[in-house]
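To keep things clear, I will list the structure first and then write my remarks on it.
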Amino acid sequence: MSRNIRAIAAKCCFDVVDQGMSLSDVLPKAQALLDNALDKALLQEICFGVMRYLPQLEAVCNQLMTKPLIKQLRPLQFLLYVGIYQLKFMRIPDHAAISETVDAARELKGQSLTKLINGVLRNVQRQPAVFDFDNAPLAVQFNHPGWFITELQQAYPQQWQQILEANQQKAPLWLRVNVNKVNPTDYAAALTRAGIEYSRPVADLPAAIKLTQAQDVTTLPGYAEGWFSVQDGAAQYAASLLQVSDGQRILDACCAPGGKTCNILELAPQAEVTALDKEPKRLLRVHENLARLGLTAKVIAADASAPDSWWQGQLFDRILLDVPCSASGVIRRHPDIRWLRKKADIAALAELQQRILQQCWVLLAPGGILLYATCSVLPQENSAQITQFLQQNNDARLDLLPQQSPEQPHGWQLLPGEQDMDGFFYARLLKAAN
């Protein structure tokens with residue numbers, strides 16, 4: 001029996017919002033229930049869309065229902081959001097969206113609610129004014145949690161709306177060419193021969209290619225041969241900013257899924273690279289990426305904030321700290337982050353980040369470079385961390401990056417959507433020579 005995609009989508013969204021599960025964990029398992037690639041893509045589109053527009057979908061339901069469904073029926077509440085998203089934001093014919101959503105209620109054991117669901121969706125058809133949010137709270141207007149909007153308003157009084165609007169866009173597919181195996185210009189020519197449209201929009205990222213349309217990367221030229229990796233343009237700066245070269249001892253302290261580890265080795269194939277991550281199961285991806293690209297690193301499952309448990313005593317010439325963070329810079333790529341992250345998380349993350357930074361600084365050789373990085377836009381995780389660290393370590397000096405502006409004295413903050421990249425922060429720290 002074929003599975004109803006809307007029912008699966010509703011369950012996925014319920015698992016994320018009500019159960020606190022990541023869409024990155026939930027969605028692949030749900031897609032495995034489907035045989036057709038187009039069905040898998042449709043499921044992803046619906047789930048991502050509901051995550052992007054959740055406050056507005058809730059607001060529409062609140063206008064058309066006397067009260068939300070009870071806790072035991074919450075998956076069917078999300079099914080309503082799935083139906084409304086299709087009617088408002090997708091090109092699926094209205095009759096198909098409504099009938100498939102009503103059928104999904106039966107699969108979710110909501111037979112008694114089919115008339116209600118049908119009625120709500122038909123009212124969405126008839127009453128376009130339910131999507132008038134001009135006077136709604138900012139959380140509804142911009143489809144983000146109120147606490148996060150407040151944080152952005154304080155940090156970016158001139159740019160907060162721009163950030164929120166960028167988060168609503170679909171992220172493009174960026175590739176990083178493996179320069180060990182193929183010249184970026186030659187790979188671009190291979191894409192042209194395959195009829196795949198692309199651009200190379202960033203002069204200081206010569207190996208970066210942005211596809212005009214996202215597609216299954218396994219079908220791109222040279223996937224099996226390890227000619228490229230998938231990596232957003234912002235993340236591709238890490239290896240070059242670290243100034244790596246052959247012969248160095250390099251630590252990637254929070255490495256999973258391994259994109260930056262591989263990039264380091266592409267630029268310095270003869271470097272001695274240690275790739276560390278606290279979660280053993282996430283290291284499976286690191287091993288897979290290294291193997292596909294034909295690269296070798298020492299991979300360790302350990303906690304970067306507790307080097308006594310894994311460090312052998314040899315200092316590193318270069319350390320990359322892409323520390324655990326709120327991921328508030330990659331919301332456009334992972335729209336569920338805005339509902340999974342809570343305000344209280346930020347202080348706890350900031351404490352962890354500072355602990356990792358302080359502990360790993362001890363492992364850096366005199367004259368070495370440590371690159372601090374996050375995919376966050378929140379100053380508490382970025383510039384504030386660098387300020388605190390420099391105040392407490394006399395042997396540390398901030399090395400200004402070429403991309404830094406005078407308004408960013410403590411690091412380089414990329415905002416979501418700049419050059420069509422994710423939000424990212426970099427600060428390069430130099431250790432005094434003995």
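Residue numbers run from 1 in the order of the sequence given.
Scanning both residues, Gln154 and Pro157, for their nearest heavy atoms gives O-CD, 3.9 Å. Of all heavy-atom pairs between Leu79 and Ala7, the closest is CD1-N, 4.5 Å. Nearest heavy-atom pair, Leu265 versus Ala297, reported as atom, atom and distance to 0.1 Å: CD1-CB, 3.9 Å. Across every non-hydrogen atom of Ala104 and Asn4, the tightest pair is CB-OD1, 3.2 Å. Closest heavy-atom contact between Lys260 and Ala238: CD-CB, 3.8 Å. Minimum heavy-atom separation, Cys254 to Ala304: SG-CB, 4.3 Å.
Applying the ring pair (Phe, Tyr, Trp, His ring centres under 6.0 Å) test to every pair with at least one member in residues 175-210, sequence neighbours left out, gives these pairs: Tyr187-Phe228.
Ionic pairing of Glu45 and Arg91 is not present here: no N-O contact between side-chain nitrogen and carboxylate oxygen is shorter than 4.0 angstrom. Salt-bridge formation is detected for the pair Asp103/Arg106: a Lys NZ or Arg NE/NH1/NH2 atom is positioned less than 4.0 Å from an Asp or Glu carboxylate oxygen. For the pair Glu107 and Arg3, the salt-bridge criterion is met [side-chain N within less than 4.0 Å of a carboxylate O].
When side chains are defined from C-beta on, Val177 does not count as touching Glu266, because their heavy atoms never get closer than 4.5 Å. The closest side-chain heavy-atom distance from Pro221 to Ile196 is below 4.5 Å. Contact annotation: the side chain of Leu276 never approaches that of Asp252 to less than 4.5 Å [non-hydrogen atoms, C-beta and beyond]. Between Leu113 and Leu108 there is no side-chain heavy-atom pair separated by less than 4.5 Å. Side-chain contact between Leu349 and Ser376 is absent, with no heavy atoms from C-beta onward closer than 4.5 Å. Looking at Gln385 and Gln380, their side chains never come closer than 4.5 Å, going by heavy atoms from C-beta outward. Within the 4.5 Å cutoff, side-chain heavy atoms of Leu429 are placed close to those of Phe389. Side-chain atoms of Ile386 and Leu398, non-hydrogen and from C-beta on, do get closer than 4.5 Å to each other.
Listed for the Asn178 side chain is no donor-acceptor partner under 3.5 Å among the backbone atoms of Trp227. A donor-acceptor pair under 3.5 Å is absent between the side-chain atoms of Glu381 and the main chain of Leu378, judged by distance alone. When atom types are taken as modelled, the side chain of Gln236 and the backbone of Leu175 share a donor-acceptor pair closer than 3.5 angstrom. No donor-acceptor pair closer than 3.5 Å links the side chain of Gln353 to the backbone N or O of Val323. Formation of a donor-acceptor pair under 3.5 Å by the Thr219 side chain with backbone atoms of Gln215 is not found in this model. A distance-only check finds no donor-acceptor pair linking the side chain of Arg176 to the backbone of Val230 [under 3.5 Å]. The backbone N or O of Ser328 sits less than 3.5 Å from a side-chain atom of Ser326, completing a donor-acceptor pair. Counting only distance, with no hydrogens or angles, the side chain of Asp317 and the backbone of Ala365 share no donor-acceptor pair below 3.5 Å. No donor-acceptor pair under 3.5 Å is formed between the side chain of Asn393 and the backbone N or O of Leu390. At distances below 3.5 Å, at least one donor-acceptor pair connects side-chain atoms of Trp310 with backbone N or O atoms of Asp303.
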Considering only distance and modelled atom types, tabulate donor-acceptor pairs under 3.5 Å from the side chains of residues 18-38, sequence neighbours left out.
unit_1: Asp18; atom_1: OD1; unit_2: Arg74; atom_2: NH2; d: 3.0
unit_1: Asp18; atom_1: OD2; unit_2: Arg74; atom_2: NE; d: 2.8
unit_1: Ser22; atom_1: OG; unit_2: Ser24; atom_2: N; d: 3.0
unit_1: Gln31; atom_1: NE2; unit_2: Lys40; atom_2: O; d: 3.1
unit_1: Asn36; atom_1: OD1; unit_2: Leu38; atom_2: N; d: 2.6
unit_1: Asn36; atom_1: OD1; unit_2: Asp39; atom_2: N; d: 3.3

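Counted within 6.0 Å of NZ on Lys181, heavy atoms from surrounding residues, nucleotides or ligands total more than 12; the atom is thus considered enclosed. The local environment of CG in Asn394 is sparse, with at most 12 non-hydrogen atoms from other residues, nucleotides or ligands closer than 6.0 Å.
In this structure, a donor-acceptor pair under 3.5 Å is absent between the side chains of Gln413 and Gln408. Inspection of the Ser229 and Gln231 side chains reveals no N or O donor paired with an N or O acceptor under 3.5 Å. Side-chain contact of Asp204 with Tyr237: a donor-acceptor pair under 3.5 Å is present, judged by distance alone. For the residue pair Gln56/Gln141, the side-chain donor-acceptor check at 3.5 Å is not satisfied. Side chains of Thr274 and Arg249: a donor-acceptor N/O pair is absent below 3.5 angstrom, by distance only. Neither side chain, Gln86 nor Glu100, offers a donor N or O lying under 3.5 Å from an acceptor on the other.
The CZ atom of Phe48 sits 14.0 Å away from the OH atom of Tyr53 when rounded to the nearest 0.5 Å. Separating the CG atom in Leu363 from the CD1 atom in Ile319 is a distance of 5.0 Å, to the nearest 0.5 Å. Of the inter-residue distances, the one linking Leu69 atom CG with Ile117 atom CD1 reads 7.5 Å to the nearest 0.5 angstrom. With values rounded to the nearest 0.5 angstrom, Arg428 atom CZ is found 7.0 Å from Leu430 atom CG. The CD1 atom of Ile149 sits 9.5 Å away from atom CD of Gln161, with the distance rounded to the nearest 0.5 Å. Here the CZ atom belonging to Phe424 is positioned 7.5 Å from the SG atom belonging to Cys325, to the nearest 0.5 angstrom.
For the side-chain contact (heavy atoms from CB on, under 4.5 Å) with Phe316, the lone residue among Leu370, Val273, Leu251 that qualifies is Leu251.
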Between Val377 and Glu151, is a side chain to side chain contact (heavy atoms under 4.5 Å, CB included) present by the stated rule, with each step listed?
CA-CA 10 Å; Val377 297; Glu151 293 284 340; over 6 Å; no
I'd like to know whether Leu205 forms a side chain to side chain contact (heavy atoms under 4.5 Å, CB included) with Met421, so could you lay out the CA-CA distance, the side-chain angles of the two residues, the decisive distance to 0.1 Å, and finally the verdict.
CA-CA 12 Å; Leu205 289 178; Met421 296 181 185; 3.9 Å; yes
Would you check, one step at a time, whether the test side chain to side chain contact (heavy atoms under 4.5 Å, CB included) holds for Met90 with Tyr85?
CA-CA 7 Å; Met90 297 185 72; Tyr85 175 74; 3.5 Å; yes
Between Leu152 and Gln159, does the side chain to side chain contact (heavy atoms under 4.5 Å, CB included) criterion hold? Intermediate values first, please.
CA-CA 8 Å; Leu152 292 184; Gln159 298 160 297; over 6 Å; no
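Taking the ring centroids of Trp160 and Phe142, they lie under the 6.0 Å cut-off.
Residues that satisfy the side chain to side chain donor-acceptor pair (under 3.5 Å) test with Asp422, not counting sequence neighbours, are Arg332, Arg333.
Cation-pi geometry between Lys431 and Trp361 is met: the NZ or CZ atom falls under 6.0 Å from the ring centre, inside 45° of the normal.
Between Tyr81 and Phe78, the ring planes are perpendicular. Angles over 60° get that label, and only those under 30° would be called parallel.
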